[in-house]
Amino acid sequence: MQDKKYAKYIDKVFAMGDEAVSYFQKIYTKWDVIPFIYCTEPSHYFEHTQNNNIQFCFSGSLSTRKAPQDITKAALLLNNEINISYIGSGEKEKEIKHLTKNNKRIHLIFHGFQNLSKIPELLSRHDVLILPSIYDGWGAVVNEALQAGLYVICSDKCGAKELLKNPRCGKVFQSGNIKELASLMQFCIENIDSIRNDKFFRREWANKHIGGQVIAQYMVNNLHNTPMKCPWYQ
């Protein structure tokens, strides 16, 4: 309300994700609200996973908002041997370890807090990124994972779900729905060969559709009133 007096001086709003677009369209109807996304540096790391077991990973703070424990809870519903790496630190680490106490099927690796420059290399060693947040304004790790060729599962509370329209890139589940998450993890286990074979496809898709130069050109075109379709929907 305090800033509404400035609304008439703004022509265009670049809003992150469909929900943000809807929100800003309601704030001031004279604005030209344009869908936009978060960008990350391209990954220079690319590995073909050799381990027989599927390699799931999570990257971010091990906090209530990110709900990393939901990955382990979903894994407990499955009968497979599963590897899960947690990149990050936070208060949920103790709970995650407690959930798998005396469980020999689920193998956890905790990498702890890592510098941002180290994340792409760690991600590239895995098959699937899971981001089960109960709220996430965007979730830049989804960009980073796709750029490293990973398949992505994220909750419907992540803005970055907009990047998973292509089924070869990943799937979205209802936040907090452990059974649905377990079902998607089972899907990945059963389709691990095709997921690994598509690793190069996802990396190339990310370069062509969500890379910095592509998004910059999209922004420039819209600023010049020559609308361009959202590259990440193509």
To the nearest 0.5 Å, what is the distance between CD (Glu180) and CD1 (Ile153)? 10.0 Å
Do Ser85 and Leu122 come within less than 4.5 Å of each other through their side chains, counting heavy atoms only? no
For Ala15 and Val33 the tightest heavy-atom approach is CB-CG1, 4.1 Å
Looking only at heavy atoms, the pair that brings Arg105 and Leu76 closest together is NH2-O, 3.6 Å
Start with the C-alpha distance between Asn166 and His209, add both sets of side-chain angles, then the distance that settles side-chain contact (heavy atoms from CB on, under 4.5 Å), and finish with yes or no. CA-CA 11 Å; Asn166 189 317; His209 299 279; over 6 Å; no
Side chain to side chain, Val152 and Leu131, heavy atoms closer than 4.5 Å: no
Side-chain contact test, heavy atoms from C-beta onward, threshold under 4.5 Å: evaluate it for Ile210 versus Tyr38 and give yes or no. no
Find out if a path of hydrophobic residues (ILVMFWY) with successive side-chain heavy-atom gaps under 4.5 Å connects Ile96 to Val141. yes
Do His107 and Glu81 pass the side-chain contact (heavy atoms from CB on, under 4.5 Å) test, and can you show the C-alpha distance, the side-chain angles, and the key distance before you say yes or no? CA-CA 8 Å; His107 309 285; Glu81 191 167 347; 2.7 Å; yes
Considering non-hydrogen atoms only, spot the tightest contact between Leu77 and Ala182 and give its length. CD1-CB, 4.0 Å
cation_pi(Lys97, Phe110) dist<6.0 Å, angle<=45: yes
Look at the side chain of Arg202 and the backbone N and O of Arg168, then say whether any donor-acceptor pair between them is shorter than 3.5 Å. yes
Hey, can you tell me if Phe24 and Trp31 have their rings parallel, tilted or perpendicular (30° and 60° cut-offs)? tilted
Tell me which pairs pass side chain to side chain donor-acceptor pair (under 3.5 Å) where either residue lies in residues 210-222, with sequence neighbours left out. Gln217-Asn221
Would you check if the side chain of Asn53 reaches a backbone N or O of Ile82 as a donor-acceptor pair within less than 3.5 Å? no
Please give me the minimum heavy-atom distance between Cys188 and Ile195, naming the atom from each residue. CA-CD1, 3.6 Å
Ser155 OG to Asn177 CG distance, which is reported to the nearest 0.5 Å: 11.0 Å
Mind checking the CD1-CE spacing from Ile71 to Met185? Nearest 0.5 Å is all I need. 7.0 Å
What verdict does the side-chain contact (heavy atoms from CB on, under 4.5 Å) test give for Tyr151 and Leu184, after you've listed the backbone C-alpha separation in whole Å, the side-chain angles of each residue and the deciding distance to 0.1 Å? CA-CA 11 Å; Tyr151 187 85; Leu184 292 182; over 6 Å; no
Heavy-atom side-chain contact between Asp70 and Phe173 under 4.5 Å: no
Give the cluster check for Val172 versus Tyr233: same hydrophobic cluster or not, with ILVMFWY residues linked at side-chain heavy-atom distances below 4.5 Å. yes
May I ask you to check whether over 12 heavy atoms, not counting those of Glu41, lie within 6.0 Å of atom CD? no
Validation row: Lys26, Ser22 side chains within 4.5 angstrom (heavy atoms): yes
Shortest non-hydrogen pair, Ala67 vs Pro132, comes out as O-CG, 3.1 Å
Single-linkage hydrophobic cluster Ile134~Leu99, side-chain heavy atoms < 4.5 angstrom: no
Identify the two heavy atoms, one from Arg196 and one from Ile54, that lie closest to each other, and give their separation to 0.1 Å. NH2-CA, 4.1 Å
Taking the side chain from Glu91 and the backbone from Thr64, do they hold a donor-acceptor pair closer than 3.5 Å? yes
Are Met228 and Leu163 grouped together when hydrophobic residues (ILVMFWY) are joined by side-chain heavy atoms under 4.5 angstrom apart? yes
Taking the side chain as every heavy atom from C-beta outward, state whether Phe36 and Ile215 have any pair of such atoms under 4.5 Å apart. yes
For Ser175, is there any backbone N or O sitting under 3.5 Å from a side-chain donor or acceptor partner on Asp156? yes
To the closest 0.5 Å, what do you measure between CD1 (Ile109) and CZ (Phe56)? 14.0 Å
Where the side chain of Trp232 meets the backbone of Glu162, is there a donor-acceptor pair that is under 3.5 Å apart? no
So, using side chain to side chain contact (heavy atoms under 4.5 Å, CB included) as the criterion, who are the partners of Phe113 when residues are at least two apart? Ser89, Asn115
Is the count of non-hydrogen atoms from other residues, nucleotides or ligands lying under 6.0 Å from Lys208 atom NZ greater than 12? no
Does Lys171 make a cation-pi contact with Phe187 (under 6.0 Å, within 45 degrees of the axis)? yes
Given the rule that I, L, V, M, F, W and Y join up when any side-chain heavy atoms are under 4.5 Å apart, are Trp138 and Leu146 in one cluster? yes
Does atom NZ (Lys157) have a neighbourhood of more than 12 heavy atoms from anything else shown, all under 6.0 Å? no
Mind checking the NZ-CE spacing from Lys12 to Met219? Nearest 0.5 Å is all I need. 10.5 Å
Applying salt bridge (charged side-chain N to carboxylate O under 4.0 Å, His left out), name anything that partners Asp18, two or more places apart in sequence or on another chain. none
Within a strict 4.5 Å, meaning less than it, do heavy atoms of the Ser59 and Leu123 side chains meet? yes
Other residues, nucleotides and ligands only: do more than 12 of their heavy atoms fall within 6.0 Å of CZ on Phe14? yes
Test side-chain contact (heavy atoms from CB on, under 4.5 Å) on Asn80 and Gln186; report intermediate values, then the result. CA-CA 9 Å; Asn80 307 82; Gln186 183 64 44; 3.1 Å; yes
Nearest 0.5 angstrom please: Cys169 SG to Leu150 CG, how far? 11.5 Å
Side chain Ser124, main chain Ala148, donor-acceptor under 3.5 Å: no
